[in-house]
Peer 1: 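So that we are looking at the same thing, I have put the structure below in structure tokens.
Both counts, for ligands and for their atoms, begin at 1 and track the order of listing.
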Amino acid sequence: MMKIAVLRGDGIGPEVIDSALIVFDAITSKYGHQFELIDGKIGGIAIDEVGTPLPDDTVSVCEEVDAILFGAVGGPKWDSVDFEIRPESAILSIRKKLDLFVNIRPVIVYDCLNAMSPLKDTILKNVELVILRELTGGLYFSEPKKRWVTQENIRYGVDTLEYSEVEIERILRVGFEIARSRRKKLTSVDKANVMESSKLWRQVANELASEYKDVQLEHLYMDNMAMQLITNPANYDVIVTENTFGDILSDEAAVISGSLGLLPSASLSIDSGFKSKNMTYKGLYEPIHGSAPDIVGKGIANPIATILSVAMMFRYSFGLVTEANTIEKAVSNVVLQGKRTQDIADNQSNFVSTLEMAKSIVLEIASIDES
Ligand code: NAD
């Protein structure tokens, strides 16, 4: 039986995961699937209960399963603990341990929510892009990474940005493959004007381009990309970049849609090549937002990002494309019908709760005939 680890984590993590599981149940009963769900502790709650943000038995569960559904970790309660044992370090460790090197973040714009976006309607027209971020290398992991004080009592800090051509090639290949299945345009983002790792990145991209002649490859410097993303987002299809640039760009892209509560993500481990169709991968699926301590326990968190992460899980880890499409269509219909959680409500006295949003999506799933 297919297995899924469920890591609720902290803050609104449990709220959005429990709502997404209602949708998950609706899909599995509609299409007659059976999965084994295994709970695991992660983040602040794991620190409180067992003294570490990523207990060994959670790692074992994650190694054993086909997919991981993750809520969020962190919160003010744990802000003062050392970084190595902070809740957020657990998510970095799990990515590294499972070699989840590709992070896929689609940017979804619902026309009826344009008013929520800080961008003008004209800029939002025809935006349909996906950001691929390298997730297990670069600045966040390379050594040396340390701080020290000199004899003259001057403090120093260093991080290292190192990539091998192997790491670069495998993420770029995913980019080319995904672009091939979409509008056939791949934008590779770097700082090849100043950084050696970026020069290698660009060289490898150009070498690979000869294998993907049907895909148009373009290169943009990171600073230009940051500007283009908010001035001309409709111009982009698939954007691929290294870890730190991807971290920044994907958060910037998130505001385009109007709320952090809307966007899903998938982080995949791919050991024998990526194909956008008919293959499955081990993956971790999570909303792009954090634990939102300011709204925890109020029942107002938007569960859509997590529900759409479940759709990505069906697509990438189980090859269940119809099931994924059904969830995405149900979410889109419910949003179109005017159901709003507080973060996307234009009338602040009229919005639905986290659970009500999930139940509306379940009702919609029942009426969708996708087979
Ligand atoms: P955040 O994403 O938690 O919240 C930012 C803002 O967006 C808040 O106002 C919040 O209320 C709102 N928001 C977020 N998700 C929402 C949702 N589903 N529905 C409605 N509103 C939503 O970011 P932050 O405040 O910078 O971080 C809070 C904590 O989360 C920190 O401890 C941070 O380290 C952690 N964090 C964890 C992850 C992760 O687990 N992957 C990611 C980012 C931040």
Peer 1: With the threshold set at under 4.0 angstrom, would you say A305 reaches ligand 1 through any of its heavy atoms?
Peer 2: no
Peer 1: Any sub-3.5 Å donor-acceptor pair from R147's side-chain atoms to Y156's backbone N or O?
Peer 2: no
Peer 1: Checking a contact table here: which protein heavy atom is nearest atom 19 (N) of ligand 1, and how many Å away?
Peer 2: N302 N, 2.8 Å
Peer 1: So which protein heavy atom does atom 13 (N) of ligand 1 come closest to, and at what separation?
Peer 2: A292 CB, 4.0 Å
Peer 1: May I ask you to identify, for T341, whether its side chain, its backbone, both or neither come under 4.0 Å of ligand 1 on a heavy-atom basis?
Peer 2: neither
Peer 1: Any non-hydrogen atom of I91 lying under 4.0 Å from ligand 1?
Peer 2: no
Peer 1: Quick check on atom 34 (O) of ligand 1 - does any protein heavy atom sit closer than 4.0 Å to it?
Peer 2: yes
Peer 1: With atom 23 (O) of ligand 1 as the reference point, say which of A301, G290, A90, G71 has the nearest heavy atom.
Peer 2: G290
Peer 1: Going by distance alone, is a donor N or O of one side chain under 3.5 Å from an acceptor N or O of the other, for N350 and R340?
Peer 2: no
Peer 1: Would you say T341 and N302 are linked by a side-chain donor-acceptor pair, where the criterion is simply a distance under 3.5 Å?
Peer 2: yes
Peer 1: Which heavy atom of the protein is the closest neighbour of atom 11 (O) of ligand 1, given with residue, atom name and distance?
Peer 2: D294 OD1, 2.8 Å
Peer 1: Using 30° and 60° as the class limits, which term best fits the ring planes of H33 and Y31: parallel, tilted or perpendicular?
Peer 2: parallel
Peer 1: Quick one: look at V73 and ligand 1, take heavy-atom pairs under 4.0 Å, and tell me if it's side chain, backbone, both or neither.
Peer 2: both
Peer 1: Could you find the nearest protein heavy atom to atom 28 (C) of ligand 1 and give me its residue, atom name and distance?
Peer 2: P293 CD, 3.5 Å
Peer 1: Using a strict 4.0 Å threshold on nitrogen-to-oxygen distance, state whether K339 and E364 make a salt bridge.
Peer 2: no
Peer 1: Check E88 against ligand 1 and report side chain, backbone, both or neither, counting heavy atoms closer than 4.0 Å.
Peer 2: side chain
Peer 1: Would you mind running through ligand 1 and noting each atom that sits below 4.0 Å from a heavy atom of L260?
Peer 2: 2 (O), 5 (C), 7 (O)
Peer 1: Below 4.0 angstrom, counting only protein heavy atoms, does anything approach atom 3 (O) of ligand 1?
Peer 2: yes
Peer 1: Are any non-hydrogen protein atoms located under 4.0 Å from atom 26 (O) of ligand 1?
Peer 2: no
Peer 1: At the 4.0 Å heavy-atom cut-off, does F70 count as touching ligand 1?
Peer 2: yes
Peer 1: For the pair R105 and S250, evaluate side chain to side chain donor-acceptor pair (under 3.5 Å) and give the outcome as yes or no after the intermediate values.
Peer 2: CA-CA 7 Å; R105 285 192 184 193; S250 53; 3.1 Å; yes
Peer 1: May I ask which of G74, G75, S291, G261 has a heavy atom nearer to atom 30 (O) of ligand 1 than the others do?
Peer 2: S291
Peer 1: Among protein heavy atoms, which sits nearest to atom 22 (C) of ligand 1, and what does the distance come to when rounded to 0.1 Å?
Peer 2: I295 CD1, 3.9 Å
Peer 1: Heavy atom to atom 15 (N) of ligand 1, shortest distance: which of Q342, M357, H289, E286 holds it?
Peer 2: H289
